[in-house]
Amino acid sequence: MTLKDKAAIVTGSANGIGLAIVERFARDGVKVILSDINEAKGAAEAKRLAAEGATVRFVRADVGSAADVAALVAETEDAFGAIDILVNNAGITHAADFLELKEADFDRVLRINLKGSFLVGQAVARKMVARAKEGGKPGSIINLSSVNAEMTIPNQTAYNVSKGGMGQLTRNMAIALAPWGIRVNAIGPGSIATELLKSVANDETARRILLSRTPLLRFGEPAEVAAIAAFLASDESSYITGETIFCDGGRRALNYVVKVPE
């Protein structure tokens, strides 16, 4: 896969899967804008990667704000001249029983997870279309979905709805942008060993419950999700668009729980 000298934006990338994608892109020679609302962590990670020789810059942006999105795109163009790759990774969760879920919390999750991907995706796509019309090479947009786009957890209503919507947003964008050769796909992770998951699986009982729904009997690694992002960003996936690649250790195919070895 050849990604060297391409330019990318990765939202919500100060930690977790987003940071792993930035790190993978940087290793592959991509010029990356690391974007997040966490200025301290985002700036520190960008500085670390730059010190290691990567072309990585931090830009603070709230993806739910059209003004922030416009500034993010403008800063990326100023820095790199063009945008070849977008990864819409920014996302939040909010746990609440369905009957107790507040309207404000429902709106807050959808604002970041779904509206944010729409706003950034549309803004970047406009730039990609303009370049394609001038004979430039098409780009690739990658949305971060979840197994919860198709499955559900009762106390994660807003998150589940946002990821279900992500599937349709991905398909709609893919068809709308296909005339210009711009590909749009999604990645649907299962249980990935981020700091958030590790905090949930902080004891043996919780770990075994999580693994019992995963046939491969282990958590995925952020780097494994990043590898899929690199594939979808490259010409190796040039005939794939409108798809969601699920990386869940077999979870969606499972109709029972598996026995976890002692």
Side-chain angles (χ1 to χ4, degrees), residues 1-36 38 41-61 63 71-90 117 120-121 123-132 134-144 177 180-187 189 192 194 220-241 243 245 247:
M1 293 186 292
T2 302
L3 293 174
K4 185 174 173 56
D5 295 327
K6 290 186 179 293
I9 295 173
V10 184
T11 67
S13 52
N15 49 47
I17 290 171
L19 180 58
I21 292 172
V22 171
E23 291 172 332
R24 173 58 190 260
F25 281 176
R27 284 202 310 274
D28 289 344
V30 179
K31 298 172 287 187
V32 190
I33 294 294
L34 187 164
S35 182
D36 207 287
N38 187 335
K41 184 70 161 55
E45 292 294 351
K47 182 178 180 180
R48 172 181 67 82
L49 290 167
E52 294 172 2
T55 304
V56 177
R57 300 189 184 190
F58 172 73
V59 176
R60 186 200 180 280
V63 297
L72 170 63
V73 171
E75 287 193 52
T76 304
E77 286 193 313
D78 287 345
F80 303 143
I83 305 169
D84 302 292
I85 304 160
L86 166 64
V87 181
N88 277 316
N89 175 74
S117 294
V120 185
V124 170
R126 285 171 173 162
K127 300 295 184 180
M128 289 181 172
V129 167
R131 184 171 63 166
E134 295 174 355
K137 192 169 183 181
S140 175
I141 296 174
I142 303 162
N143 297 323
L144 261 292
L177 299 175
W180 292 280
I182 298 164
R183 298 182 300 106
V184 186
N185 293 287
I187 305 173
I192 306 299
T194 60
E221 294 295 330
E224 293 177 299
V225 183
I228 299 172
F231 167 68
L232 290 174
S234 78
D235 289 340
E236 297 293 324
S237 61
S238 58
Y239 201 53
I240 301 175
T241 195
E243 298 294 333
I245 297 179
C247 49

Check: Thr194 side chain, Gly16 main-chain N or O, donor-acceptor pair, under 3.5 Å: no
Contact between Met128 and Ile141 at the side-chain level, heavy atoms closer than 4.5 Å - yes or no? yes
Applying salt bridge (Lys or Arg N to Asp or Glu O under 4.0 Å) as the test, list every pair that has at least one member in residues 71-81; sequence neighbours left out. Glu77-Lys127
Charged N-O contact under 4.0 Å between Glu23 and Arg27: no
Calculate, to the nearest 0.5 Å, the distance between atoms CD1 and CG belonging to Ile245 and Asn185 respectively. 6.5 Å
Quick note, salt bridge (Lys or Arg N to Asp or Glu O under 4.0 Å) partners involving residues 8-21, not counting sequence neighbours, are none
Side chain to side chain, Glu45 and Val22, heavy atoms closer than 4.5 Å: no
Show the numbers, then the answer: is there a side chain to side chain contact (heavy atoms under 4.5 Å, CB included) between Ile182 and Thr241? CA-CA 8 Å; Ile182 298 164; Thr241 195; over 6 Å; no
Once side chain to side chain contact (heavy atoms under 4.5 Å, CB included) is applied, do any residues pair with Asp84, and if so which ones, sequence neighbours excluded? Lys6, Ala7, Arg131
Can you sort out the partners of Ala61 under side chain to side chain contact (heavy atoms under 4.5 Å, CB included), two or more places apart, ordered by chain and number? Ser35, Asp68, Leu72
Can you name the residues that form a salt bridge (charged side-chain N to carboxylate O under 4.0 Å, His left out) with Asp235, not counting sequence neighbours? Lys137
Does Asn89 reach the main-chain N or O of Leu144 with its side chain, forming a donor-acceptor pair under 3.5 Å? no
Measure the CG-CG distance between Leu86 and Asn143 for me, rounded to the nearest 0.5 Å. 7.0 Å
Scan the side chains in residues 222-229 for donor-acceptor partners under 3.5 Å anywhere in the protein, sequence neighbours excluded, and list what turns up.
residue : atom : partner : partner atom : Å
Glu224  : OE1  : Arg218  : NH1          : 3.1
Glu224  : OE1  : Glu221  : N            : 2.8
Glu224  : OE2  : Arg218  : NH2          : 2.8

Under the 3.5 angstrom rule, does the side chain of Asp28 hit a backbone N or O of Val30 as a donor-acceptor pair? no
Can you tell if the side chain of Lys41 reaches within under 4.5 Å of the side chain of Asn15, non-hydrogen atoms only? yes
Side-chain heavy atoms of Val56 within contact of Phe25, under 4.5 Å: no
Using modelled atom types only, decide if a donor and an acceptor are shared between the side chain of Ser234 and the backbone of Leu3 within a distance under 3.5 Å. no
Could you tell me if the side chain of Ile21 sits less than 4.5 Å from the side chain of Ser13, heavy atoms only? no
Measuring from atom CD1 of Ile240 to atom CZ of Phe231, what distance do you get when rounded to the nearest 0.5 angstrom? 4.0 Å
Short side-chain to backbone donor-acceptor contact, Arg183 and Leu232, under 3.5 Å: yes
Would you mind reporting whether Ile85 and Val32 have side-chain heavy atoms less than 4.5 Å apart? no
Go through it in stages, so that I can follow the logic: the residues are Val59 and Thr76, the test is side chain to side chain contact (heavy atoms under 4.5 Å, CB included), and I'd like the CA-CA distance, side-chain angles, deciding distance and then a yes or no. CA-CA 9 Å; Val59 176; Thr76 304; 5.6 Å; no
